[in-house]
Amino acid sequence: MNKMRFGAMLVSAGGDVGFYLSRRVVLTVLRPGAVRAVSYEEFGKCRVFARDGVAVSWFDAMLRAVKTKEKFQNSREMMCKLLNLPEKSKMDDLYCYVRRKYGAVMEEFEIGRTKENMRDKNDRQEVNEMEKFDVKKEFNSKYEEIREKLGKRLNILICGYTGSGKSSLAKAILGDVVPVSAIGDGAPRTMGYDCYENDLVKIWDSKGLELGETEDEFTEQTRQFVRAQQEDPDVDHHIHLVWYTIQGPGARVTECDKNLIRNIFTTRNVIVVVTKSDITRPNQKTALKKVIMEAGIPEERIVFTCDEESGAAGCKELMNLSYAMLPEAYKDAFMEAQRVDKESKIQAVYDKADKAKAVIATATAAAAGVGAVPIPLSDAAIIIPIQVSMIATLAGLYGLREEAVRQSALPFVAKLAGIFLATSLLKLIPGLGSAVNATVAAALTGAMGLYVKSNFEECAVARIEGRPIPELGFDVELFKKFYEEYKKNKEEK
């Protein structure tokens, strides 16, 4: 075994399992109780699960171990819980699971050896190799994972009769994703279901009920289309939101409209949009609202709008309602795609503060676990993997685009090792001493999280406002302020 990784699974000679935090610290349960950090001497000589000479990392499971308040009878119970294995799984079951999932087998490794007690240059070189950590690779991997969860493209179906203003509505809310050629004065411009898309949103525009076509035919075609989308095994291809358009001046909700709303679509993801409200009389609006509500749509999901040429009234209300109704994974894409309200875009960035703080709190807890057995100042860089994961998660949360990641975030994480050199830390935190304990490890990570969060917020807002994206350089004095702020907030709690 020639390369250790943060969060690797260790198995002691006595049959205990734990997570590798450093050459001095293992996260485990040696006796009934909570998960805790123990020294290598306490854990004992061990082996590690590895593949092709490289330890397999269980980083996310390790973070859950740090965060959990649950108590366990032993380390096997802890590990099975964190890996979502059956409660009564035996050690052999755990071994089989690891081999099956990762092709990993147990290999010899002595985590207690340090650079100071190496017998020769070759031993020291081996330890250096084991402690290498590819920050860019780990950052990219975590960033892609988060964007896969939060940065999904959404699908909107706009349905209604020909001439009800479907394409005009889409263009008013989502801009150039809908071409001007798709908009006409009552004449059908779409055949079947036109698809307009960009990186953020896909719009399905139904052709509408045309002259010579029966309502039954239109209903059946719509049923087949919706069924084909919703039966796709990939939820990202489903229809996530339906805007059902009804022309206001006609003051008429047909049986076809009601049948589609009740039976073809799922009413909980339908917004009925009454278009051309600027030329719809008040009594017509009242009558329309009453019939639509009888079809199963609550009043708060009935929106009256008019197109851009008439002032785009109601479009902001429709945008906010759509955003609130969308599943979490598709909210970011919709908010970035909408062109109705720049202030809402900016507010959505600041509304991510609580989620960002939760990410930072998880990372600080993990760092505190690493520092439970004090780390020599020269080894402080072992908390870098936690910080890389935290920074990548924050970058994904704030929707940093690839250009910003490449120009700002990646160069920054590449410099982390230099920031955590002993000489650099002593400049950052005068009087630190010769070791990093749990409190200091948590404070360093928490301060780094706040520092990066502030920058990513600024990046997101700058993009919305059309300003140059700020670089994520390391300002020593600014970091000190975040460090002091973090410590002060923790002391006040």
Side-chain angles (χ1 to χ4, degrees), residues 6 21-25 37 63 66 114-116 128 131-136 138-139 142 353 356-357 359-395 398 407-459 470-493:
F6 194 69
L21 297 183
S22 77
R23 293 191 303 275
R24 294 170 175 81
V25 185
L63 288 185
V66 170
T114 66
K115 296 174 187 177
E116 290 76 13
N128 286 335
E131 291 298 290
K132 282 182 181 178
F133 179 73
D134 190 335
V135 294
K136 290 186 177 181
E138 295 294 331
F139 176 93
K142 191 66 178 179
K357 289 175 182 177
V359 170
I360 296 169
T362 298
T364 56
V370 173
V373 176
I375 309 162
L377 206 56
S378 59
D379 285 347
I382 67 172
I383 63 176
I384 287 177
I386 295 172
Q387 298 196 350
V388 169
S389 178
M390 173 184 69
I391 294 169
T393 302
L394 291 173
Y398 282 101
Q407 294 181 359
S408 184
L410 277 175
F412 180 80
V413 296
K415 295 176 182 177
L416 279 179
I419 295 170
F420 280 86
L421 289 173
T423 52
S424 299
L425 286 179
L426 286 171
K427 290 178 182 178
L428 285 175
I429 313 170
L432 181 59
S434 60
V436 173
N437 59 24
T439 301
V440 173
L444 282 170
T445 303
M448 187 65 73
L450 294 175
Y451 180 88
V452 171
K453 168 184 171 291
S454 176
N455 177 271
F456 289 170
E457 280 183 343
E458 188 178 351
C459 284
E471 291 187 5
L472 180 54
F474 189 72
D475 185 321
V476 174
E477 294 305 315
L478 182 58
F479 181 81
K480 286 181 180 179
K481 291 180 181 178
F482 280 110
Y483 182 80
E484 293 302 323
E485 178 186 340
Y486 180 86
K487 282 204 310 179
K488 180 181 177 181
N489 290 340
K490 293 298 288 184
E491 289 168 358
E492 291 176 352
K493 288 182 179 179

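For C459 against P470, the heavy-atom pair with the smallest separation is SG-O, 3.6 Å. Considering all non-hydrogen atoms of both residues, D475 and L478 come closest at OD1-N, 3.0 Å. Across S424 and G418, no two heavy atoms sit closer than the pair OG-O, 2.9 Å. When all heavy atoms are compared, the tightest approach of F482 to S454 is CZ-CB, 3.8 Å. Across every non-hydrogen atom of A395 and F456, the tightest pair is N-CE1, 3.4 Å. What you find for A441 and I383 is that their closest heavy atoms are O-CD1, 4.2 Å.
Atom CG of L444 is separated from atom CG of L428 by 7.5 Å, given to the nearest 0.5 angstrom. Interatomic distance, CG of L416 versus CD1 of I384, reported as 5.5 Å (0.5 Å rounding). With values rounded to the nearest 0.5 angstrom, Y398 atom OH is found 11.0 Å from N455 atom CG. Note that NZ of K357 and CG of L450 are 8.0 Å apart. Values are rounded to the nearest 0.5 Å. Annotation: the span from M448 atom CE to Y486 atom OH amounts to 13.0 Å, rounded to 0.5 Å.
Between Y451 and F479, the two ring planes are perpendicular [angle over 60°; tilted spans 30° to 60°].
Between K480 and E484, no side-chain nitrogen of the basic residue sits less than 4.0 Å from a carboxylate oxygen of the acidic one, so the salt-bridge criterion is not met.
By the 6.0 Å contact criterion, CD on E471 is open, its count of non-hydrogen atoms from other residues, nucleotides or ligands being 12 or less.
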For K453 and E457: C-alpha separation, side-chain torsions, deciding distance, then whether salt bridge (Lys or Arg N to Asp or Glu O under 4.0 Å) applies. CA-CA 6 Å; K453 168 184 171 291; E457 280 183 343; 3.1 Å; yes
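Panel note: side chain T393, backbone S389; a donor-acceptor pair is recorded below 3.5 Å. In this structure, T364 contributes its side chain and T445 its backbone to no donor-acceptor pair below 3.5 Å.
Pairs passing the ring-ring contact (aromatic ring centres under 6.0 Å, His included) check and including a residue from residues 361-392, sequence neighbours excluded, do not occur.
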